[in-house]
Structure formats: C-alpha cells, structure tokens
2 protein chains.
Amino acid sequence: MPARTPLDANAILAATEEILRRHGPDKATVVDVARALGVSHAAVYKHFPSKQALREAVTRRWLDRNRDALAVIAADSAVPPAQRLRTWLHAVLAVKQAKIREDPELFAAYGILAAAHSSVATDHVADLLGQLTAIIADGAADGSLRTDDAEATARVVFNATAKFNHLAHAAEWQNPGIGAELDEVCGLLLEGLHAPTSP
Amino acid sequence: MPARTPLDANAILAATEEILRRHGPDKATVVDVARALGVSHAAVYKHFPSKQALREAVTRRWLDRNRDALAVIAADSAVPPAQRLRTWLHAVLAVKQAKIREDPELFAAYGILAAAHSSVATDHVADLLGQLTAIIADGAADGSLRTDDAEATARVVFNATAKFNHLAHAAEWQNPGIGAELDEVCGLLLEGLHAPTSP
DNA sequence: CAAGTTACAAATTTTGACATCTGTTACCAA
DNA sequence: TTGGTAACAGATGTCAAAATTTGTAACTTG
C-alpha cells in the first residue's frame with residue numbers, strides 16, 4: 001500500500017527536521033522518521049543511502065538558510081565595507097545564538113556533524129569565508145581596507161574571530177559580555193586593516 | 001604498618017600523575033593511586049578532601065610548570081615587545097601541542113577540569129592574561145605598542161587568538177598549517193597595535 | 001595526636017541479557 | 001521500472017543487577 005503522499009526527498013527532510021526538533025539528535029532514528037511518514041524505514045533508504053546522509057541533508061538545508069540570511073548583509077553595498085565587516089561578524093554570532101535558543105536540538109545535530117568532519121561543516125565554513133572575502137574585496141576596491149589578498153585576509157579575520165563563530169565556543173555565547181568582546185576584537189582588526197601600508 | 005615512604009602530599013601527586021598517564025583520566029581511581037603507594041585509599045583522603053581536589057592539584061602542578069616556562073619568554077626584556085608578543089603566542093601553542101603529544105592523558109584530564117569550570121582552569125587563564133598584559137605594558141612603555149589599557153588589550157589579543165590557545169581547538173592543533181595561521185593573525189593584530197593613534 | 005587501618009553506606013560504573021536500530025537483500029504491486 | 005514492503009544479520013542502545021569506587025567514621029598503633 002503506497003503512502004498517502006508520494007514520499008519525496010523533501011517530505012523526508014521535513015519529517016526528519018521535525019523529529020529532530022522534538023526528540024533531539026540522539027533519539028532521532030530513521031525508524032521514527034519512517035513511522036512519522038507512515039512508511040517502513042526501508043523506504044527512507046531508497047532516498048538516502050544512510051542515516052548519516054539524511055542527517056547531513058537536513059543540516060545542510062538548515063545551514064543554507066543561515067548562509068542566505070548572512071549573504072544579504074555581506075552584499076549590502078549601501079554600508080561601507082569596514083562597518084559591514086563588523087555588522088556581518090556580529091550577525092554570524094547572533095544567528096548562531098538565536099539558533100541555540102530556538103532549535104537547540106538542530107544546533108546540537110550540527111555540532112555532531114561538525115565534530116565528525118562532515119563536508120557539510122567545511123562547506124558551510126567555505127560559504128562564510130566567501131562572504132567575508134567579498135566584504136574585504138569591496139573594502140580593497142574602495143580603498144577603505146588595506147589587503148594584498150582578500151581571500152587570505154578573510155581567513156585571518158575568520159581565525160581571529162574563531163571564538164565568536166566556531167561551534168566549539170557555543171557554550172560561551174550565552175555569556176552576556178560576548179557581544180562587547182567581539183566588538184573589541186573587531187576594533188583591533190579594523191585598526192590593522194586600516195593601517196597605512198606598514199612602517 | 002606504616003608505608004615505607006611516609007606518604008606526603010607530594011608523593012600522592014606524583015603517584016596520581018603516573019596513574020593518570022598510564023590509565024587515562026576516566027580509569028584513574030583513588031583506589032588505584034592508593035594501591036600504587038601501598039596504602040589504603042582512606043589514607044589518601046587524609047591529605048586530599050576529595051578525588052576532585054586531588055585531580056585539581058595534579059593538574060594545577062602541571063599547568064604551573066607550563067606557566068613558568070612561558071613567564072620566561074614574557075619577561076625577556078632583551079626582545080622587543082612586539083616580537084616578544086608574537087613569540088609568546090607561538091610558545092603558548094607550542095607548549096600545548098607538546099603536552100598533547102607527550103602526555104595526552106594529562107592533557108585530557110585538564111580538558112575535563114576546564115569543562116567542569118574548575119578554578120584551576122580560570123586561574124590558568126588569568127596567569128596567561130597577566131603575562132600578556134606585562135608584554136603589552138612593556139610595549140606601551142617604550143612606545144612600540146599603542147594601547148590605552150594594557151589589560152583590556154591583552155584580553156582582546158587573547159580572544160583574537162582563541163583558536164590557538166583555547167582547549168576547545170586542541171584537535172585543530174595537529175593541523176600542519178596551524179603555526180602559519182597563528183603567524184598571520186599575529187601580523188594583523190600587530191598592525192592594529194602599531195597603528196598611529198587612530199584616524 | 002599523627003598517620004594509618006578496617007568497615008561501611010551511598011554514588012557510580014561495569015556487566016550482560018535483551019530490545020531496538022541500521023543497512024541489505026529478496027520480494028511485491030502499479 | 002518506480003516505489004514500496006518484509007525479513008534479516010550485525011551494530012548499537014537500554015536497563016537492571018552486580019561490582020567498584022567515593023567518602024566517612026570508628027578504631028589501632030607508635
């Protein structure tokens with residue numbers, strides 16, 4: 001007997017996201033997902049090769065939504081690049097803080113994937129680095145930010161703000177002073193990026 | 001029957017460190033420590049109020065050795081403060097990399113303590129921040145580093161180099177490019193600290 | 001009384017039988 | 001052939017009983 005709805009990858013992803021939110025990443029089995037969809041778990045395996053792949057797909061979809069929200073800020077040419085850089089870095093933090101509050105289970109699932117060295121995590125970092133590179137390139141173009149290589153500089157800025165974007169620090173993001181700390185780091189980095197060509 | 005050696009706090013710490021190295025942090029019980037010393041486990045409790053306190057004492061001793069090694073670099077007034085800052089930050093990373101390689105079990109024990117919000121971890125960070133503050137204050141004194149408040153600036157630099165000093169990133173320290181990344185971050189931070197008084 | 005012991009309750013960890021889950025294969029229906 | 005099921009082996013997770021560990025107290029000895 002076929003399922004009421006024809007069961008496509010998207011329906012599976014939506015159901016998985018729901019289960020994940022409700023049960024948490026540990027207790028979200030593919031049997032549960034299948035049950036929620038009214039099919040046998042083997043049916044799910046027709047669409048995703050493994051539980052890992054399913055989890056990655058869900059997480060990727062969720063991260064892509066974040067990426068798109070941040071891209072709007074990164075591409076806002078109405079804001080001067082230096083200030084845009086600062087705003088964007090704050091937004092990266094704010095988006096993750098919000099996700100921890102709203103979808104702690106999904107956030108935990110992302111943490112597990114990142115720890116497992118999934119390509120989802122590295123791709124996400126690559127996306128963010130791309131946006132950062134674009135901001136810095138804009139700054140280089142209008143002379144407001146000094147850099148030889150926007151991409152290399154983006155990596156440096158990203159590394160220097162690891163405390164505010166790397167999952168490993170998620171626990172510290174609840175600390176009330178965290179925004180001020182990021183602001184101070186931004187300040188020092190922007191001093192460095194503004195500086196007239198070295199001594 | 002008294003133990004051969006009179007059993008002082010130091011002997012217990014040494015034995016615990018040995019057990020910790022051999023068995024790892026999870027399987028290092030105070031019964032094991034007592035057995036290694038040829039006494040009953042109750043004897044150990046005469047010297048340390050709890051297992052937690054014993055572990056903290058071991059870890060503190062180990063961290064203090066690191067702190068002292070770094071203090072030598074921080075206080076080396078023969079090296080100009082800017083370069084000293086760079087060298088010191090590299091040393092912080094190098095010391096931890098070496099410990100991971102040599103004493104992975106002890107390093108893991110420190111990680112557990114840090115996660116448990118033990119004062120050992122926060123004290124260690126305070127020690128490091130003190131050394132960093134001293135370097136920056138030296139730079140402010142001889143005019144080579146620009147800062148209003150050496151302590152605040154030290155915090156900013158420490159936050160900006162979290163990827164290279166915070167335990168949460170220990171896994172990334174095996175990456176071969178990590179030293180170069182730190183160097184790049186140092187470069188940008190020093191640009192910021194060198195910059196002539198703002199705009 | 002200083003430094004240790006034995007003995008013990010409560011908390012924690014380990015163990016092992018049992019249940020569930022993952023991923024595969026053979027099969028069925030439109 | 002597409003889209004599903006049922007049945008299965010092996011891996012993984014669960015749960016309660018058993019063993020160990022933590023921490024305390026009353027006791028021993030020089």
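Only a predicted model underlies this, so the values are computations on that prediction, with no experimental measurement involved. Atom set for the values below is all heavy atoms of this structure, side chains included, hydrogens, waters and symmetry mates excluded. Each chain gets a letter, A, B and so on, in the order its sequence line appears, and its residues count up from 1.
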- Message: When you compare the side chain of N10(B) with that of R61(B), does any pair of heavy atoms fall below 4.5 Å?
- Response: yes
- Message: Do R67(A) and Q131(A) have side chains that approach each other closer than 4.5 Å (heavy atoms only, starting at C-beta)?
- Response: yes
- Item | Sidechain N-carboxylate O distance under 4.0 Å for R35(A), D32(A) | yes
- So, R84(B) side chain and V79(B) main chain: donor-acceptor pair closer than 3.5 Å or not? yes
- Base versus backbone protein contacts along nucleotides 12-24 of chain D [heavy-atom cut-off under 4.0 Å; B, S, -]: ---------SBBB
- Do the side-chain N or O atoms of S40(A) get closer than 4.0 angstrom to the phosphate oxygens (OP1, OP2) of dA6(D)? no
- Task: Identify the two heavy atoms, one from A170(A) and one from F107(A), that lie closest to each other, and give their separation to 0.1 Å.
- Result: CB-CE2, 3.9 Å
- Query: Do D183(B) and H90(B) meet the criterion of a side-chain donor-acceptor pair at a distance under 3.5 Å?
  - Reply: yes
- So, does the side chain of K46(A) form a donor-acceptor pair with the base of dG3(D) at under 3.5 Å? no
- Query: How close or far is atom C1' of dG4(C) from atom CD1 of I12(B), stated in whole angstroms?
  - Reply: 12 Å
- Round to the nearest Å and state the distance from L37(A) atom CG to dT5(D) atom P. 10 Å
